Amino acid sequence: MKPIKTFLLLVISVLSLMVFEGCDSKSRHIKQAVNRQLEEFPATTLPDLYKGFFQDNFGPGHIVSDTAAARAFILRELAQSSKYDRHYFEPAGRGDNFYRVSLAVIADSIVPLDLYCDAFYRSVKDVDKVDVETWKEEWSEIYEVIKGMKLNLPDMERDAQSIDSMLNAGGYASHHSERYNRYHHPHYRLIRKEIFFNEIKPLIDSTRVFDVYDEEED
């Protein structure tokens, strides 16, 4: 019996180590995403971090069914926008699934409007339905990592309670904070990572305008 018992203990130890390493790796990637966000967008608050991680998991959280209306909205936003953030693109949350691509790439004649709109439509036409309960658990893990970073974000405790209340009521959609909008002028749409790197980023690269996130493909 001893060899069997020793073998089982070894298996349990290996599995425990794998789980620990998996959790540690996830925590590390969350911290990297948060630090990157705060470094490049210093007006970030907890709701802005929440929005980024949510977007990476679920895109916009809804399917875009009326492409004509979506295009018209992009054109209207372009016409009304005089300031854009300095980045043409950035990862949403960890950047595992989605990237935010600024409308500035259209305004600066880097990406044609039709290509941008088509990439956006294809990116969000089959987005996963939001399972609020599963997302609540995921966000709880993310928030625990953020809280452990001792970031001293403005109104963090109040914002955390507001997010919890929203999720407990079955909601999940959120907006950027007023502070973030005022300082960073976000005007973007979400593009799936593979579509972005295959179709959009090569056009940005061809202008020889390089971004802090150029290495994110790795």
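In this text the structure is predicted, and so the values were computed from the model without any measurement.
With hydrogens and angles disregarded, no donor-acceptor distance shorter than 3.5 Å links the side chain of Ser27 to the backbone of Asp24. Within the 3.5 Å criterion, the main-chain N or O of Asn57 finds no donor-acceptor partner in the side chain of Asn97. A distance-only check finds a donor-acceptor pair linking the side chain of Tyr121 to the backbone of Thr67 [under 3.5 Å].
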Stepwise side chain to side chain donor-acceptor pair (under 3.5 Å) test for Tyr88 and Asp108: CA-CA 10 Å; Tyr88 281 131; Asp108 291 348; 2.6 Å; yes

side-chain contact (heavy atoms from CB on, under 4.5 Å) evaluation trace for Tyr99 with Lys193: CA-CA 6 Å; Tyr99 270 63; Lys193 182 177 181 178; 4.0 Å; yes

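A salt bridge does not link Glu39 to Arg36: none of the charged nitrogens lies less than 4.0 Å from a carboxylate oxygen.
No option in Gln55, His87, Glu90 other than Gln55 meets the side-chain hydrogen bond (donor to acceptor under 3.5 Å, both in side chains) test with Tyr188.
Taking the centre of each ring, Phe53 and Trp135 stay at or above the 6.0 Å mark.
Side-chain contact between Tyr50 and Leu167: present, with at least one pair of heavy atoms (C-beta onward) separated by less than 4.5 Å. Counting only heavy atoms from C-beta outward, the side chains of Leu49 and Phe41 never approach each other to under 4.5 Å. Considering only heavy atoms from C-beta on, Leu46 stays 4.5 Å or farther from Ser162 through its side chain. You'll find the side chain of Leu203 reaches within 4.5 Å of the side chain of Leu115, heavy atoms only. Considering only heavy atoms from C-beta on, Tyr183 stays 4.5 Å or farther from Thr44 through its side chain.
Other residues, nucleotides and ligands place more than 12 heavy atoms under 6.0 Å from the CD atom of Glu194.
Contact detail for Ala92 and Leu190: the closest heavy-atom pair is CB-CD2, 4.2 Å.
Using modelled atom types, one finds a donor on one side chain and an acceptor on the other under 3.5 Å when comparing His176 with Asp48.
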